[in-house]
**Student:** 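Pasting a structure below so you can have a look.
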Amino acid sequence: MITIAPATVPALSTSGFAFAALTAAVLAPFIFLTIGMHRSDLASAFPAAMVSVFSFSYIALPLACLVQLREQWRGSFLILYLLLVVWAGDIFAYFVGKSIGRHRMSPRVSPNKTWEGAVASVLASVGIGVLMFHYALPISTALLNAHLIERRDGIFANDQISIAEVVVLSVVLNIAAQLGDLVESLIKRGANVKDSGAILPGHGGMFDRIDALLFAAPVLWCYAAWKVMLQ
């Protein structure tokens, strides 16, 4: 019987996910093109396959990163950190940009986004990120006591991350989130639609709620995977 040391489990999970994601991304074009050959309207086969491959890489793989991130050490805490950093940046960008925004960031893609809002978004994300890791021990302890996480899922003593590393990571995640927001706006303009759906009236659709996460989640997964490989 082969016994796997607990410390190697995240590394095996991370490497296995990376291999599976890469394999799926390589095979996706061939699979969707093969499916497209069975369409009654062959003129739409290639465009449909192209959209399917794009959707798989743009939506499915980033969301899969969230699932695998949960399986890593400190996974639950990192996901909570990611959500709060992205949401805080989004909220501050909206209110600051709406109140004092004067310089448009990308008028052709998203006319309502301003540089003032973008700066406020970065500062908010950094602030939330620093607070999250500064109070990582009490937050993790509270979640553990509430039976919401296991000990491996939180950050406890002798498992802290430097403030400088948190600041850099929060800035990078915020930039990725803002790019995700802009890319989603670009897709809607390309499709000539105002909202991505009608499931959430007044919010622009479900796509608008996860657009930032689609860019930020893979970034955080790469960071967590890098930390795992260094162990």
Side-chain angles (χ1 to χ4, degrees), residues 10 13-14 17 58-97 113 117-118 120-156 159-161 163 165-185 196-197 199-200 202-228:
S13 176
T14 301
F17 172 77
Y58 179 50
I59 299 176
L61 288 182
L63 292 181
C65 287
L66 282 177
V67 177
Q68 203 285 320
L69 185 63
R70 171 64 178 81
E71 299 302 314
Q72 297 187 17
W73 297 117
R74 306 184 297 267
S76 296
F77 185 90
L78 288 177
I79 289 179
L80 178 61
Y81 158 73
L82 173 66
L83 293 175
L84 292 180
V85 162
V86 170
W87 290 341
D90 196 21
I91 292 171
F92 272 75
Y94 175 77
F95 285 106
V96 173
K113 289 182 174 57
S121 177
V122 172
L123 294 178
S125 292
V126 171
I128 289 295
V130 170
L131 287 174
M132 279 285 296
F133 280 91
H134 180 73
Y135 294 103
L137 179 57
I139 292 174
S140 299
T141 302
L143 294 174
L144 182 64
N145 292 336
H147 305 289
L148 295 176
I149 65 171
E150 298 179 1
R151 189 169 186 84
R152 67 183 294 273
D153 298 320
I155 296 181
F156 296 94
D159 196 22
Q160 299 291 335
I161 301 176
I163 295 299
E165 190 172 339
V166 173
V167 170
V168 173
L169 179 60
S170 299
V171 170
V172 173
L173 287 175
N174 179 272
I175 293 174
Q178 294 198 54
L179 286 175
D181 200 352
L182 286 171
V183 167
E184 195 263 351
S185 297
S196 60
I199 295 179
L200 296 174
H203 288 264
M206 186 65 73
F207 199 14
D208 283 60
R209 296 302 91 208
I210 65 170
D211 53 5
L213 285 174
L214 295 179
F215 271 50
V219 172
L220 184 58
W221 179 85
C222 289
Y223 166 79
W226 171 65
K227 298 290 284 189
V228 166

**Student:** Run the numbers on L173 and Y223 for side-chain contact (heavy atoms from CB on, under 4.5 Å), then give the verdict.
**Tutor:** CA-CA 10 Å; L173 287 175; Y223 166 79; over 6 Å; no
**Student:** Determine the sole option in L78, L213, I128 for which the side chain to side chain contact (heavy atoms under 4.5 Å, CB included) test with L83 is passed.
**Tutor:** L213
**Student:** State, with a plain yes or no, whether a side-chain heavy atom of L84 is found less than 4.5 Å away from one of L131.
**Tutor:** no
**Student:** I need the minimum non-hydrogen distance between A124 and A88, along with the two atoms involved.
**Tutor:** CB-O, 3.8 Å
**Student:** Can you measure from CG (L143) to CG (D153) and round to the nearest 0.5 angstrom?
**Tutor:** 9.5 Å
**Student:** With a 4.5 Å cut-off on side-chain heavy atoms, are L66 and L82 touching?
**Tutor:** yes
**Student:** Rounded to the nearest 0.5 Å, how far does NE2 of H134 lie from CD1 of I139?
**Tutor:** 10.0 Å
**Student:** Under 3.5 Å, side chain of N174 to main-chain N/O of V126, donor-acceptor pair present?
**Tutor:** no
**Student:** Taking the side chain as C-beta and beyond, is there a heavy-atom pair between Y81 and L220 under 4.5 Å?
**Tutor:** yes
**Student:** Looking at every heavy atom in both V85 and S125, which two are closest together, and how far apart are they?
**Tutor:** O-OG, 2.9 Å
**Student:** For F92, look at atom CZ and say whether over 12 heavy atoms of other residues, nucleotides or ligands are found less than 6.0 Å away.
**Tutor:** no
**Student:** Does some side-chain heavy atom of Q72 sit less than 4.5 Å from a side-chain heavy atom of K227?
**Tutor:** no
**Student:** Can you find a pair of side-chain heavy atoms, one from E184 and one from F215, that are under 4.5 Å apart?
**Tutor:** no
**Student:** Just wondering, are more than 12 heavy atoms of other shown residues or ligands nearer than 6.0 Å to CD in E150?
**Tutor:** no
**Student:** Would you say the side-chain atoms of S121 pair up with the backbone N or O of G117, donor to acceptor, closer than 3.5 Å?
**Tutor:** no
**Student:** To the nearest 0.5 Å, what is the distance between CD on Q68 and CG on L63?
**Tutor:** 14.0 Å
**Student:** Indicate yes or no: at least one non-hydrogen side-chain atom of V183 is less than 4.5 angstrom from one of Y58.
**Tutor:** yes
**Student:** Are the side chains of M132 and S170 in contact, using a 4.5 Å heavy-atom criterion?
**Tutor:** no
**Student:** Can you tell me how far apart CG (L137) and OG1 (T141) are? Round to the nearest 0.5 Å.
**Tutor:** 4.0 Å
**Student:** Are the side chains of W221 and P62 in contact, using a 4.5 Å heavy-atom criterion?
**Tutor:** no
**Student:** Quick one: closest heavy-atom pair of V86 and A216, and the distance?
**Tutor:** CG2-CB, 4.0 Å
**Student:** Which heavy atom of D181 sits nearest a heavy atom of K113, and at what distance?
**Tutor:** OD2-CE, 3.3 Å
**Student:** Mark yes or no for whether R74, through its side chain, and F156, through its backbone, hold a donor-acceptor pair below 3.5 Å.
**Tutor:** no
**Student:** Would you name the heavy atoms of F77 and G154 that are closest together and state the gap between them?
**Tutor:** CB-CA, 4.3 Å
**Student:** So how far is it from D208 CG to S185 OG, rounded to the nearest 0.5 Å?
**Tutor:** 7.0 Å
**Student:** At what distance, to the nearest 0.5 angstrom, does CG of L182 lie from CG of D211?
**Tutor:** 9.0 Å
